[in-house]
Amino acid sequence: MAALRRLTGDEKHAPASLSTLDVLWVLYDRVLRVDPARPDAPDRDRFLLSKGHGPAAYYAVLATKGFFPADWLDDLAGRDSHLGHHPDRTLVPGVEIGSGSLGHGLGLGVGTALGLRAQGLTSSHVYVLVGDAELDEGSNHEAIAYAGATGLDNLTAVVIDNQSATHGWPGGIASRFTVNGWTATTVNGRDHDGIAAAFAGAATGQPRVVVARVEPKYQGA
């Protein structure tokens, strides 16, 4: 993506960013009901980037889709830049949460899905992107259990699996969700058609998780 090539200055987090690129593109190109002209529309879908460290790919996709001018990409984390090393919802149109401190996004997604349900906004869906290593944080497990118990079918989690988790789960990542009542699909995280098909497979009365496998973060591992 040409927009991503404009972003420099965060090479440390380049693997974390690139691991999300294809899923982000499919979400914004084929799945999310969002309008850059009306980024705060009440009936919009919500996308929460919990994996908020290294957001270069996220910024590139938002700029390409018209949420902000592409020339913002030329000043990542500059003194007067809107684009920080962690996304800021008060500075970047289309960003729903400030993130980067791992382990918070899925709980925020559960709360957002509950809030939409309470308001009767039944057509709005919440998508939360987390990293596999982020699942080591205990707060995620409470969110997974609660979403399954309450049947939050307006919630979809996307787990980017680049094999960087410390602990892992018996039976794989998907099993951590299905044991709590979620439906799950595991896909190649670079296959756009496969990713789009996984998002289309939502079930009534159950939250959904899509596990997107990409190349290992540490190629020698």
Side-chain angles (χ1 to χ4, degrees), residues 15-27 30-32 45-54 97 99 101-114 117 125-221:
S17 175
L18 291 171
S19 69
T20 68
L21 180 59
D22 294 274
V23 166
L24 286 168
W25 181 254
V26 171
L27 278 167
R30 304 196 198 184
V31 178
L32 291 171
D45 288 339
R46 273 72 168 175
F47 172 74
L48 280 58
L49 181 70
S50 187
K51 185 179 163 72
H53 58 294
I97 60 170
S99 59
S101 181
L102 300 179
H104 301 304
L106 195 52
L108 289 169
V110 168
T112 302
L114 287 169
R117 176 190 282 183
H125 201 91
V126 180
Y127 298 85
V128 185
L129 190 151
V130 304
D132 62 326
E134 191 175 358
L135 293 179
D136 290 343
E137 302 288 345
S139 54
N140 287 291
H141 310 317
E142 295 181 20
I144 291 167
Y146 186 84
T150 53
L152 281 181
D153 54 8
N154 61 337
L155 174 67
T156 297
V158 189
V159 181
I160 302 298
D161 180 10
N162 63 0
Q163 300 177 40
S164 59
T166 300
H167 304 306
W169 294 102
I173 292 172
S175 66
R176 181 64 191 89
F177 289 80
T178 56
V179 74
N180 279 291
W182 294 55
T183 62
T185 302
T186 299
V187 299
N188 179 342
R190 303 304 186 192
D191 177 3
H192 289 200
D193 290 337
I195 295 167
F199 285 124
T204 301
Q206 292 178 281
R208 181 160 189 80
V209 63
V210 175
V211 180
R213 291 178 172 167
V214 297
E215 59 280 356
K217 179 177 181 180
Y218 304 106
Q219 293 290 343

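Numbers for residues simply follow the sequence, beginning at 1.
- Taken from CG in Leu114 to OG1 in Thr150, the straight-line distance is 5.5 Å, to the nearest 0.5 Å.
- For the atom pair CG of Leu27 and CD1 of Ile195, the computed distance is 8.5 Å after rounding to the nearest 0.5 Å.
- Put simply, the side chain of Asp45 gets close to the backbone of His125: a donor and an acceptor are under 3.5 Å apart.
- Applying the salt bridge (charged side-chain N to carboxylate O under 4.0 Å, His left out) test to Asp193 and every residue at least two apart in sequence or in another chain returns Arg30.
- Rounding to the nearest 0.5 angstrom, the gap separating the CG atom in Leu129 from the CG atom in Leu48 is 10.0 Å.
- Judged purely by atom type and a 3.5 angstrom limit, Glu134 has no side-chain atom pairing as donor or acceptor with the backbone of Leu102.
- Closest non-hydrogen pair, Ala212 versus Gly189, comes out as CB-CA, 3.8 Å.
- The number of heavy atoms from other shown groups lying within 6.0 Å of CZ (Arg46) is above 12.
- Counting all heavy atoms, side chain and backbone alike, Ala147 lies closest to Val110 at CB-CG2, 4.0 Å.
- Atom OH of Tyr127 sits about 10.5 Å away from atom CZ of Arg208, to the nearest 0.5 Å.
- Listed by chain and number, the residues in a salt bridge (charged side-chain N to carboxylate O under 4.0 Å, His left out) with Asp153 amount to none (sequence neighbours excluded).
- Looking only at side-chain heavy atoms (C-beta outward), Ser19 and Val214 come within less than 4.5 Å of each other.
- Side-chain contact between Ile97 and Leu49 is absent, with no heavy atoms from C-beta onward closer than 4.5 Å.
- Considering only heavy atoms from C-beta on, Phe47 comes within 4.5 Å of Leu24 through its side chain.
- A heavy-atom distance below 4.5 Å is not found between the side chains of Asn162 and Glu215.
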- Item | Derivation and outcome, side-chain contact (heavy atoms from CB on, under 4.5 Å), residues Val23 and Ile160 | CA-CA 8 Å; Val23 166; Ile160 302 298; 3.8 Å; yes
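- Between Asn140 and Gly103 the shortest heavy-atom distance is ND2-CA, 3.7 Å.
- The closest donor-acceptor contact from the side chain of Asp132 to the backbone of Gln163 lies under 3.5 Å.
- The shortest side-chain heavy-atom distance between Leu152 and Gln206 does not fall under the 4.5 Å cut-off.
- Leu155 contributes atom CG, which lies 9.0 Å from atom OG1 of Thr112 (distance to the nearest 0.5 angstrom).
- Using a distance-only test at 3.5 Å, with no hydrogens or angles considered, no donor-acceptor pair links the side chain of Asn154 to the main chain of Val126.
- A donor-acceptor pair shorter than 3.5 Å cannot be found between the side chains of Ser99 and His104.
- Considering Val209, Leu106, Val179 as possible partners of Ile144, the one that fulfils the side-chain contact (heavy atoms from CB on, under 4.5 Å) test is Leu106.
- Between Trp182 and Thr156, every side-chain heavy-atom pair lies at or beyond the 4.5 Å cut-off.
- With His141 contributing its side chain and Arg176 its backbone, the two residues share no donor-acceptor pair below 3.5 Å.
- Taking every heavy atom of both residues into account, Gly131 and Val159 meet most closely at C-CG1, 4.2 Å.
- Test Val211, Val210, Val158 against Val187 for side-chain contact (heavy atoms from CB on, under 4.5 Å) and you get one pass: Val210.
- Using a distance-only test at 3.5 Å, with no hydrogens or angles considered, a donor-acceptor pair links the side chain of Ser50 to the main chain of Gly105.
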